[in-house]
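Step one of this worksheet: look at the structure below.
Residue numbers begin at 1 in each chain, while the letters A, B, ... track the order of the sequences.
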Amino acid sequence: MPDKFYITTTLPYVNAKPHIGFALEIVQADVIARWRRARGDEVFFNTGTDEHGLKIWRKAQELGMDTQAYADENAARFDDLKRALNLSYNAFIRTTEPRHVAAAQEFWQRCEQHGDIYKRNYKIKYCVGCELEKTESELTDGICPIHPNLELETIAEENYFFKFSKYQKKLLELYVKNSDFVLPKWRLKEIQNFVAGGLEDFSISRLKAKMPWGVPVPGDDEHVMYVWFDALINYISTLGWSVETQNFASLQKDKPSTFEKFWGTAKKPNALQIAGKDNLRQQAAMWQAMLLSAGLPSSKQILIHGFINSGGQKMSKSLGNVVDPFELVEKYGTDAVRYYLLAEISPFEDGDFTIEKFIVRYNADLANGLGNLVSRVATLLEKDAITLTLTLSPRERGLEERINKGMRAYQFNNALKILWDVLRAADETLSRQKPWEIKDLAGKKKILEPVAQDILNVAELLQPFLPDTAEKIIKQFSAKQIKKSEGLFPRI
RNA sequence: CGCGGGGUAGAGCAGUUGGCAGCUCGCCAGGCCCAUAACCUGGAGGUCGCCGGUUCGAGUCCGGCCCCCGCAACCA
């Protein structure tokens with residue numbers, strides 16, 4: 001019986017092009033998904049786009065476009081990552097889809113039934129100069145930095161609020177009971193401290209008159225849901241919650257729904273989420289409180305990755321150091337980009353991307369390392385027409401276990417290092433045993449066969465990381481007569 | 001005393017249970033000449049931020065201090 005495995009990324013907001021940071025998140029998720037599939041699990045891998053809210057609405061207005069048309073255009077660009085990065089997700093949910101809107105409304109009603117939604121005055125600061133609402137973090141010393149001479153107006157607006165504060169205790173229990181609920185450990189500590197410090201209810205609606213681009217609040221035509229509230233629900237709307245859940249409940253009592261199979265149950269939560277460090281609170285606290293309120297199972301685990309800086313600085317448009325994943329793939333290939341994200345960037349800490357570092361890593365590991373070794377061995381075999389019978393399976397036991405150990409801790413960089421150690425050892429063996437000096441073909445074969453087998457073993461275990469490259473090598477090294485092929489990674 | 005992360009060779013980093021300080025790039029010397037001017041070996045280069053403690057032994061544990069970087073909620 002294969003295990004059911006669920007993994008989801010956060011949904012990127014479609015007001016900008018996909019950037020390298022999201023590429024990191026989705027490639028990490030992809031490796032985990034592929035790894036689980038290779039182990040025989042049935043995998044549900046979700047991603048999608050977050051499309052409601054002020055920024056998108058305003059941007060579409062600026063462009064004179066229909067808001068949905070604008071969202072469609074941008075959502076398509078995110079889905080393009082699938083091909084560019086060779087991703088294996090099987091679900092792409094958009095928060096403007098009817099099934100998601102319906103789920104969000106159902107979810108809202110459940111929270112409301114539990115007495116967790118209420119209306120209250122919400123004071124906002126408004127800068128007449130900018131004609132915009134301002135949050136505290138946008139202000140310096142309580143005044144708008146762009147219009148320091150103007151006084152801010154305070155506008156009181158009625159909003160719906162979610163009783164976040166009510167769930168403080170339950171959230172803390174959740175963290176205590178599941179010591180690896182959030183990885184890395186210090187992020188769990190961070191969220192624990194945050195929740196322990198006290199929670200304030202948060203606003204979950206906006207006045208439709210001011211900003212109509214959102215999910216309508218059930219039973220109140222004046223309001224739409226604040227984008228965060230609806231966006232988080234994608235993790236379950238993508239599974240067919242709640243329409244399917246309800247159908248199953250009435251029709252087939254004993255058969256678990258897709259939702260239960262993948263999202264899990266209260267006793268056995270099953271959902272793995274992956275998110276950036278800016279999303280810790282939303283995913284590990286707010287979303288979990290929302291699930292508790294709606295009477296649904298918590299997530300099982302949340303992985304928090306860091307940010308990618310460029311030359312030690314934050315990527316920003318004004319600095320001109322923003323990295324476009326499509327451009328990189330175009331120039332250097334999918335697997336080269338995947339390799340950098342997985343091998344060079346620490347899975348949990350902030351990482352750094354510069355084109356110089358990328359090229360150094362590419363040449364050292366992909367061109368001089370893997371690519372050169374494959375071509376080295378293939379040529380030696382082809383030249384003397386040495387035929388081998390290598391086996392793809394059973395895999396080399398110890399090596400596979402070491403990779404699995406790294407993967408269970410989501411240490412992609414360590415797992416890859418283990419594989420590269422094998423490649424290095426192969427190069428060393430060749431230099432020491434000098435098969436090219438040996439006249440006797442049987443003797444030559446004796447040296448080359450285990451080296452070729454090592455390459456095949458590495459290729460097989462490399463599949464979740466560099467699927468395309470791995471497949472090429474497996475094909476090449478499964479032939480009786482291994483032949484030289486085009487270089488995998490030409491030196492740059 | 002808000003919270004968290006970091007400070008290890010010229011640069012970038014690894015060091016999970018305390019046991020002779022490692023990796024990649026760069027630099028120097030040698031080897032090889034099968035391979036994508038690739039590969040292999042050796043070398044130079046570090047008071048592991050500072051001070052104190054525990055220990056036979058600390059980069060690793062404990063206490064204090066200094067510096068750098070994020071975050072401080074309804075900015076999606």
Task: Nucleotide paired to U17(B) in any strand shown, Watson-Crick or G-U, under 3.5 Å - done: none

TODO: Look at all strands and tell whether S203(A) reaches a base, only sugar-phosphate, or nothing, counting heavy atoms closer than 4.0 Å.
DONE: base

Open item on the list: Expressed as a whole number of angstroms, how long is the span from K417(A):NZ to G22(B):C1'?
Closed with: 9 Å

Open item on the list: Over all strands shown, is G53(A) touching base, sugar-phosphate only, or nothing at heavy-atom distances under 4.0 angstrom?
Closed with: nothing

TODO: Provide the Watson-Crick or G-U wobble partner of U41(B), both distances under 3.5 Å; none if there is no partner.
DONE: A29(B)

TODO: Just call it for F194(A): base, sugar-phosphate, or nothing, with non-hydrogen atoms closer than 4.0 Å on any strand.
DONE: base

- [ ] May I ask you to verify if any side-chain N or O of N414(A) is less than 4.0 angstrom from the OP1 or OP2 atom of A14(B)?
- [x] no

Open item on the list: Please verify the inter-ring angle class for Y340(A) with F353(A); under 30° counts as parallel, over 60° as perpendicular, anything in between as tilted.
Closed with: perpendicular

Task: Side chain of A367(A) - closest among A76(B), C40(B), U36(B) - done: U36(B)

Open item on the list: Rounding to an integer number of Å, can you tell me how far K383(A) NZ sits from C33(B) P?
Closed with: 12 Å

- [ ] Specify the separation, in whole Å, of atom CZ of R432(A) and atom P of G30(B).
- [x] 23 Å

Open item on the list: Could you walk me through whether D220(A) and Y160(A) satisfy the side chain to side chain contact (heavy atoms under 4.5 Å, CB included) test, starting with their C-alpha distance in whole Å, then the side-chain angles of each, then the deciding distance to 0.1 Å, before giving a yes or no?
Closed with: CA-CA 10 Å; D220(A) 189 336; Y160(A) 285 98; 2.5 Å; yes

Open item on the list: Is the phosphate of A37(B) approached by R491(A) (side-chain N or O, under 4.0 Å from OP1 or OP2)?
Closed with: no

Task: Side-chain N or O of K357(A) closer than 4.0 Å to phosphate OP1/OP2 of G12(B) - done: no

TODO: For the residue pair Y362(A) and F489(A), categorise the inter-ring angle as parallel (less than 30°), tilted (30 to 60°) or perpendicular (more than 60°).
DONE: perpendicular

TODO: May I ask you to evaluate whether R424(A) reaches the phosphate of U24(B), defined as a side-chain N or O under 4.0 Å from OP1 or OP2?
DONE: yes

Open item on the list: In this structure, is the centre-to-centre distance between the rings of Y332(A) and F358(A) below 6.0 Å?
Closed with: yes

Open item on the list: Regarding N372(A), tell me which of base, sugar-phosphate or nothing describes its non-hydrogen contacts under 4.0 Å with the strands shown.
Closed with: base

- [ ] Hey, which sits more toward the 5' end of RNA chain B by its nearest nucleotide, D50(A) or E190(A)?
- [x] E190(A)

Open item on the list: Classify the ring geometry of F202(A) against F164(A): parallel below 30°, tilted from 30° to 60°, perpendicular beyond 60°.
Closed with: perpendicular

Open item on the list: Can you tell me if K405(A) touches the phosphate of U16(B), counting only side-chain N or O atoms and a distance under 4.0 Å to OP1 or OP2?
Closed with: no

Task: C1' gap between G7(B) and G12(B), integer Å - done: 14 Å

TODO: To the nearest Å, give me how far apart CD (E486(A)) and P (A35(B)) are.
DONE: 17 Å

- [ ] Provide, to the nearest angstrom, the distance between the CG atom belonging to D421(A) and the P atom belonging to G15(B).
- [x] 14 Å

Open item on the list: Categorize G214(A) for me: base, sugar-phosphate, or nothing, with a 4.0 angstrom heavy-atom threshold over every strand shown.
Closed with: nothing

TODO: Scan L488(A) against the nucleic acid and name what it touches under 4.0 Å (heavy atoms): base, sugar-phosphate only, or nothing.
DONE: base

- [ ] If A72(B) has a Watson-Crick or G-U wobble mate with both distances under 3.5 Å, name it; if not, just say none.
- [x] none

TODO: Under a 3.5 Å limit for both distances, which nucleotide forms a Watson-Crick or G-U wobble pair with U47(B), could you say?
DONE: none

Task: Ring-face cation of K59(A) near Y70(A) (centre distance under 6.0 Å, axis angle within 45°) - done: no

Open item on the list: Please determine whether a side-chain nitrogen or oxygen atom of N193(A) lies at a distance below 4.0 Å from atom OP1 or OP2 of G4(B).
Closed with: yes

Open item on the list: Distance check needed: A35(B) P versus E437(A) CD, whole Å only.
Closed with: 14 Å

Task: Atom-to-atom span, CG of N368(A) to C1' of C34(B) - whole angstrom - done: 16 Å

TODO: Among G4(B), C34(B), A73(B), find the nucleotide with the atom closest to the side chain of L380(A).
DONE: C34(B)

Open item on the list: Counting the atoms with a prime plus P, OP1 and OP2 as sugar-phosphate, which does E200(A) contact under 4.0 Å by heavy atoms, base, sugar-phosphate, or nothing?
Closed with: base

Open item on the list: Check the phosphate of U36(B) against Y362(A), side-chain N and O only, distance under 4.0 Å to OP1 or OP2. Yes or no?
Closed with: no

Open item on the list: Need one value for A231(A): base, sugar-phosphate or nothing, where a base atom within 4.0 Å counts as base even if backbone is also close, heavy atoms only.
Closed with: nothing

Open item on the list: Once you measure the plane-to-plane angle for F229(A) and F107(A), does it fall in the parallel (<30°), tilted (30-60°) or perpendicular (>60°) bin?
Closed with: perpendicular

Open item on the list: Measure CD/Q433(A) against C1'/C32(B) and give the value in whole Å, please.
Closed with: 15 Å

- [ ] Scan F489(A) against the nucleic acid and name what it touches under 4.0 Å (heavy atoms): base, sugar-phosphate only, or nothing.
- [x] base

Open item on the list: I'd like to know if R376(A) reaches the base of C39(B) with its side chain, counting only an N/O donor and acceptor under 3.5 Å.
Closed with: no

